[in-house]
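The next block holds one structure in the form of structure tokens; read it before the comments.
Note on naming: letters A, B, ... go to the chains in the order of the sequence lines (proteins, then strands), and numbering restarts at 1 for each one.
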Number of protein chains: 2
Amino acid sequence: MTAPSRPDDHATGPTGPTAPTAPISTCAVAVDVALLTLRDGRLQLLLVQPDAGPFTTQWALPGRRVRDDESLDDTAHRALRELAGLSAPHAHLEQLRTYGDPTRDPRGRVVSVAYIALTPTVERHAGDGPLASGRARFFDVAELTDADGPHLAYDHDRIVPDALERARSKLEYTALATAFVAEPFTLGELRRVYEAVWGVELDVANFRRKVVHARDFVVEVEGTATPGPGGGRPAKRYRRGGATRLHPAMLRG
Amino acid sequence: MTAPSRPDDHATGPTGPTAPTAPISTCAVAVDVALLTLRDGRLQLLLVQPDAGPFTTQWALPGRRVRDDESLDDTAHRALRELAGLSAPHAHLEQLRTYGDPTRDPRGRVVSVAYIALTPTVERHAGDGPLASGRARFFDVAELTDADGPHLAYDHDRIVPDALERARSKLEYTALATAFVAEPFTLGELRRVYEAVWGVELDVANFRRKVVHARDFVVEVEGTATPGPGGGRPAKRYRRGGATRLHPAMLRG
DNA sequence: TCAATAGTGTCTTTTAGACATTATATG
DNA sequence: CATATAATGTCTAAAAGACACTATTGA
């Protein structure tokens, strides 16, 4: 399939159909994925080491060019699979926004559709994938936000803050936090998601009350979780409820 | 400027750098704009009549192909200018999401970056622009949501509900409602924004209290507005405050 | 036993919703 | 005058935040 001549110029402006042809061409379209997860109670972001292109000395979000007949979502999954060895079909994946500044890639015009992906903690791979070889790595987002943290390739330093703000914001009004935990989960695990993403400490009792009162946020299931090495009362176990938007919401102070 | 060979494939996956070249090409990239405004107290959407392409019998969102060295925001403004004669440099413009289904345009692969634009009521143009000639028109969104309403070109029937939901949602947590009114405005005008976008009736007194208590949502200015033909007490006038996110929020029931 | 985590209850403050009352305009 | 809209006040219910208290585990 080749790109059509000028689709979507489906109506004619004041200049009329005989206006001189504007400098319109096709663009390279890429998908970049900001995969966020919790590791050791800290929010971490997946980055990869480019071994081609103009940014081989810097870390970058995993990204791939969109193939013909491939949906944008499929490209996002392929980027995670090919660049990080992650087959994450059940990960939460949603579009962040599209970055189209004409100068964002020094090699030419590349329009990038950025995604955020959220997964429960990914076990470190024992094989020979990019995560094992070190070509892909998880970074603390606190480290990336610091001024002395690594400077990312392309305009990915602009994408990452947008991704973090999206995640922080959607934790308030949607059930997105459950994308960070595997079922069944405890309310302690869910609370640590909020604490890591927001960077705050939450009152245990009030958190529990708000989660339970939010309609269809979580559903209690059978059994209890065994306490950690430090002891503690066994926690009830929950699964995701049907809610997408939370009522009432889990507001940040 | 020509599209680069394979930018953003900046790292190499498990297949290695010598893997066979995948069927990657460039895409046509377009911007489509869902411009929402209030007319006669009803929420309306701007649509244009395509006079080229495969959908000349249906209405469509104003859209343009992205030009070389043109930002996506610039393309959105140009689409409004060329297809509707609207020069709206001060309109609120934000990205909605990007639609990239390989079959969304029957002529070939077109990735469309959708925007929403919000403006105060647009005066009907007396000249010979698309709005005067009828090639561009405002439609009640209630009419479009009905099953007997017009069926839109391309996948624009999928974009419009997303745009409406975005606007409805952002009215809750952000100061976006002020994008629908011209300064200075009254709280009655602002309330009618919420009522039109949400399709509900709001208690006048409670609405006022919530707006005034939301930090930096609105700022009172000098003078009062003259009542309408039916009379009524003159309303205080306000301008936008500095807030983007509202605390506390204006929640829908 | 103590420390740690989970879960319940209680009190105060804030906010939301329903609605009465007053203020000031038009016709 | 009646009517319309704006603005304020009052009451109740819901929700948030601070925090005491109990429950159940591991070490």
Decide yes or no, distance alone: a donor-acceptor N/O pair under 3.5 angstrom between the base of dG17(D) and the side-chain of R209(A).
->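 A donor-acceptor contact between them is present.
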Residue [X], side-chain heavy atoms: nucleotide from [options] that is nearest:
{"X": "N206(A)", "options": "dA27(D), dC19(D), dT25(D)", "result": "dC19(D)"}
{"X": "A235(A)", "options": "dA6(C), dG9(D), dG17(D)", "result": "dA6(C)"}
{"X": "P248(A)", "options": "dT24(C), dG17(C), dA15(D)", "result": "dA15(D)"}
{"X": "A205(A)", "options": "dT8(C), dT25(D), dG17(D)", "result": "dT8(C)"}
{"X": "T186(A)", "options": "dA6(C), dG27(C), dA18(D)", "result": "dA6(C)"}
{"X": "K210(A)", "options": "dA16(D), dG17(C), dT24(D)", "result": "dA16(D)"}

Look at the rings of Y154(A) and H156(A) and say which category their plane angle falls in: under 30° parallel, 30 to 60° tilted, over 60° perpendicular.
->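 Tilted, since the angle between the ring planes falls between 30° and 60°.
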Between R240(B) and E183(B), is the closest basic N to carboxylate O distance under 4.0 Å?
->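 Judged by the 4.0 Å cut-off on N to carboxylate O distance, E183(B) and R240(B) do form a salt bridge.
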Side-chain ion pair, R39(A) and E123(A), N-O less than 4.0 Å =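 No.
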Under 4.0 Å: is that the gap between some side-chain N or O of R215(B) and OP1 or OP2 of dT15(C)?
->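 Answer is yes, contact under 4.0 Å.
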In terms of the nearest nucleotide of DNA chain C, which residue is placed more toward the 5' end: G230(A) or P229(B)?
->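 Nearest nucleotide further toward 5': that of G230(A).
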When we call it a touch if two heavy atoms are under 4.0 Å apart, what does A225(A) touch: a base, just sugar-phosphate, or nothing?
->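 Nothing: the residue A225(A), judged by heavy atoms under 4.0 Å, touches no strand.
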Look at all strands and tell whether A214(A) reaches a base, only sugar-phosphate, or nothing, counting heavy atoms closer than 4.0 Å.
->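 A214(A): no heavy atom of the nucleic acid under 4.0 Å.
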Do L202(A) and V200(A) come close enough that some side-chain heavy atom pair is under 4.5 Å?
->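 Yes, close enough: below the 4.5 Å cut-off.
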